[in-house]
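What follows is a short report on a single structure.
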Amino acid sequence: MDFLDGLNPQQRMAVSAPSGPVLVLAGPGSGKTRVLIHRAAYLVRHAGAAPRSLLAVTFTNKAAREMQTRLANLLADAHGAGLPSLGTFHAACARILRREADRLPVTRDFVIFDDSDQEALLRQVLKELNLDPRQHPPGRIHAAISSAKNELILPEAYPASSYVAEIVRRAYGRYDQLLRENNAFDFDDLLVWAGRLLRENDDVRDRYRRFYQHILVDEFQDTNTAQYELLRLLVSDEPDLFLVGDPDQSIYRWRGADYRNVQRFQKDYPNHRVFLLEQNYRSTQHILDAAMAVIDRHPDRQKKRLFTDRGQGTPIVLRETYDEQEEAAYVVETIAALTLQKQLEPRDCAVMYRTNAQSRALEEAFLHANLPYRLVGAQRFYGRREVKDLIAYLRLVHNPADQVSLLRVLNTPPRGLGAKSIEAMLEAAARSQQSPGVYLLDLGRGAAEAPSGLSARAAGGLASFGQHLAAWRERAASLPVAELIDALLGSVRYREFIDDGTEEGEDRWANVLELRGLAQDYIDLGLSEFLQQVALVSDQDTLTETLNAPVLLTLHAAKGLEFRAVFVIGLDDGLLPHQRSFDDREAMAEERRLFYVGITRAQDFLFLVRAFRRHSFGTGGVCEPSRFLSDIPADLLAGDAGHRGPTRAQALYERQTRWESLADAPAEPRYRAGMHVQHSAFGDGIVMESHLDREDETVTIAFGQAGVKRLSASLARLEVLDD
DNA sequence: GCATCGGATTTTTTT
DNA sequence: AATCCGATGC
């Protein structure tokens, strides 16, 4: 079969374009991922490219994974020649940096600092510089440093244009220094240093240029300066660059993304070709018309005309509710009604909002209705304390120079090492010109002098920690990660610390075991690769595909997804567009695009919802409808936009009756009592009970070895052996 | 060294 | 309103 079949003429032209710089401007739902994947396949099948000479980069792991699977299918019989390199910008950079570590101010064992590590390090910096973290919030300084890095501005070049800027400049310099001392890169460094490596080492650059002859980029509108420069360094003078993107969907400006890279590219590569994908395969014409009405108000943009052959569809519903409770109730009720009428499945529905805080009212409403839901983002698995603790232990074992991790675990669980002992230890380490971790190792085997002025107990505690660390390091060299974790947890009696017998304690311990299970799943990965995996994979992936429930997510998180029914809630001026964007033209334009992204996620049904009154920060206020709403022509809309006032009692009553009928028609649990399952850490077991809760399925299993455990189905990776 | 209290803070967050 | 951080007191 020819894989150009099934593509429309525009898609086909883009896919089979001659080698060279290509820009595909693709409207929402126009099959841009499809085009990217087919282009990769085309290069291998028709242009005779070696799969390995392809590099495809995406922004999310999810996109990378999807591409991987689909590409593997397309290239199924061309196996043996290997598969293209495929991953996120950050993962690709980490791979390169690891390989070329001897040219860098870190060792091959460097670790990757995430946001909370970065903030911890910044707190340390502020302390050193005698700055009050209240007046200079670490988060804000971190943001400033991050955008400087994304703009490729080095600390020395950071403009000290104001007092605050001077503070940032100094913090930035010291922060970077400390990162090197910790043998660490932060997220942004991965891009910055990969670029630096290629810029400063001609031989390395030539090597990669020869190796990657074809580069493909997804969501190009979201690249930042560092990423764009990196691309320029990676391609030769006659580049085969295939970029896919949509400037109308650029929503990460505040993270340094610059859709003007699209224009920059057109200027830098005057011989490029542009392809426009305008046919939409996702939404009804009503939805597209509304989307275009919103985005056409956007100044200076290349106009795209979106069309579909899916027909007009149903009108868009605009609904004004009294407050956020009624807003949430309306959403739940409507989803309930749609699913009861069998118009669609619960999983076909999504609720999108501007800020995470808005999920709260929704969660309560779903909870009250006894309906399950799936929440994207918010409470992150890797953000949980116990998970971070364990990762910090592993990182310390892997890289004793990692001071941030050391300080995190040194007294966790408490072992009598308080602020004073730690200070003395840091001082002694500095005096012996060692990183604190290495110093503790020395102290453990009696090769270093104990810190002065400490109680025997504290000094003993430090030495004993050093001995433990040495023992773990020894084991790390020979044991799989999962077994190292066992040894570690056992020797610090972590379970006793975290699991206090309450339900919460059990959950915490279960999270620890899930991480262990993950290590078991990636049994082939060494400690280094495992840590990198953990650092670069976010848990957007925790989204359970199997649970049949509506999805709650921010508009940002919704990009790239589609649902039959979409509710965009909180359409109030001040929320969308967000108040903080009011006085910034560019920011307002981005709010508009954000709304556009939300609208264009919908396939069949679109609900736009707002509340007359909204409680924020304790004070309840009356709000105006979003200014974007007036851009949508009235003839596309249905609903009761003029209806105001407290209909709560009535709504409450209705809710009650509908929920009762719904309670017995929830989504199906995946596991049933009596099933025989296998867990990577606990072995074989029998399911005793399983139920759906808010965003997941909780399974109670009796394991032969490990006893009875309650696990969450989305994380546990259970394998069903037989029912 | 740990618990508790008080005060400040509150956009979005691919990696 | 709720949460998180830091300082204070035991």
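Proteins come first, then strands; the chains are lettered A, B, ... in the order of their sequence lines, and each starts at number 1.
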Taking atom [atom2] of [N] as reference, at what distance in whole Å does atom [atom1] of [X] sit?
X        : N      : atom1 : atom2 : value
A:Asp115 : B:dT13 : CG    : C1'   : 7 Å
A:His142 : B:dT13 : NE2   : C1'   : 10 Å
A:Glu119 : C:dC5  : CD    : P     : 8 Å
A:Gln118 : B:dT15 : CD    : P     : 14 Å
A:Tyr252 : B:dT11 : OH    : P     : 16 Å
A:Leu191 : B:dT15 : CG    : C1'   : 8 Å
A:Arg385 : C:dC4  : CZ    : P     : 11 Å
A:Arg614 : B:dT11 : CZ    : P     : 16 Å

P spacing across the pair B:dT12 / C:dC5, given as an integer number of angstrom: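 Rounded to whole Å, the distance is 16 Å.
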Under-4.0 Å side-chain N/O to phosphate OP1/OP2 contact, A:Thr355 with B:dT10: no
B:dT11 OP1/OP2 closer than 4.0 Å to side-chain N/O of A:Asn356: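 No, because none of the side-chain N or O atoms of A:Asn356 sits under 4.0 Å from OP1 or OP2 of B:dT11.
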Test applied, ring pair (Phe, Tyr, Trp, His ring centres under 6.0 Å); reference residue, A:His556; option that passes from A:Phe59, A:Trp254, A:Tyr353: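 So the option named by the test is A:Trp254.
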By the 4.0 Å heavy-atom rule, please label [X] as base, sugar-phosphate, or nothing.
X        : answer
A:Asn411 : sugar-phosphate
A:Arg123 : sugar-phosphate
A:Ser455 : nothing
A:Pro137 : nothing
A:Phe89  : nothing

Option passing side-chain contact (heavy atoms from CB on, under 4.5 Å) with A:Phe242 (candidates A:Val217, A:Asp218, A:Val35): A:Val35
The single option from A:Val404, A:Asp117, A:Val111 passing side-chain contact (heavy atoms from CB on, under 4.5 Å) against A:Asn182: A:Val404
Check: A:Arg592 side chain, A:Val294 main-chain N or O, donor-acceptor pair, under 3.5 Å: yes
Aromatic ring of A:Trp254 stacked on base six-ring of B:dT12, 5.5 Å, 30°: yes
B:dT12 pyrimidine/purine six-ring stacking with A:His556, under 5.5 Å and 30°: no
Verdict with supporting geometry, A:Gln227 and A:Glu229, side chain to side chain donor-acceptor pair (under 3.5 Å): CA-CA 5 Å; A:Gln227 285 157 337; A:Glu229 287 305 315; over 6 Å; no
Contact nearer the 5' end of DNA chain B, comparing A:Gly416 with A:Glu591: A:Gly416
Upstream residue (5' side of DNA chain B) when A:Phe59 and A:Lys420 are each assigned their closest nucleotide: A:Lys420
Between [options], which one does the side chain of [X] approach most closely?
X        : options                : result
A:Thr88  : B:dT11, B:dT15, B:dT12 : B:dT15
A:Ser421 : B:dC2, B:dT13, B:dG1   : B:dG1
A:Arg580 : B:dC2, B:dT10, B:dT15  : B:dT10

Base-contact (B) and sugar-phosphate-only (S) positions in nucleotides 4-9 of chain B, heavy-atom cut-off under 4.0 Å, - elsewhere: ------
Partner residues of A:His142 under the side chain to side chain donor-acceptor pair (under 3.5 Å) criterion, sequence neighbours left out: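 A:His142: side chain to side chain donor-acceptor pair (under 3.5 Å) contacts with A:Gln118.
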Just distance, no hydrogens or angles: give the donor-acceptor pairs under 3.5 Å from side chains in residues 414-427 of chain A, sequence neighbours left out.
from	atom 1	to	atom 2	distance (Å)
A:Arg415	NH1	A:Val409	O	2.9
A:Arg415	NH1	A:Leu410	O	2.5
A:Arg415	NH2	A:Tyr393	OH	2.8

Worked verdict on A:Glu363 versus A:Tyr373 for side chain to side chain donor-acceptor pair (under 3.5 Å): CA-CA 8 Å; A:Glu363 290 185 72; A:Tyr373 60 87; 2.6 Å; yes
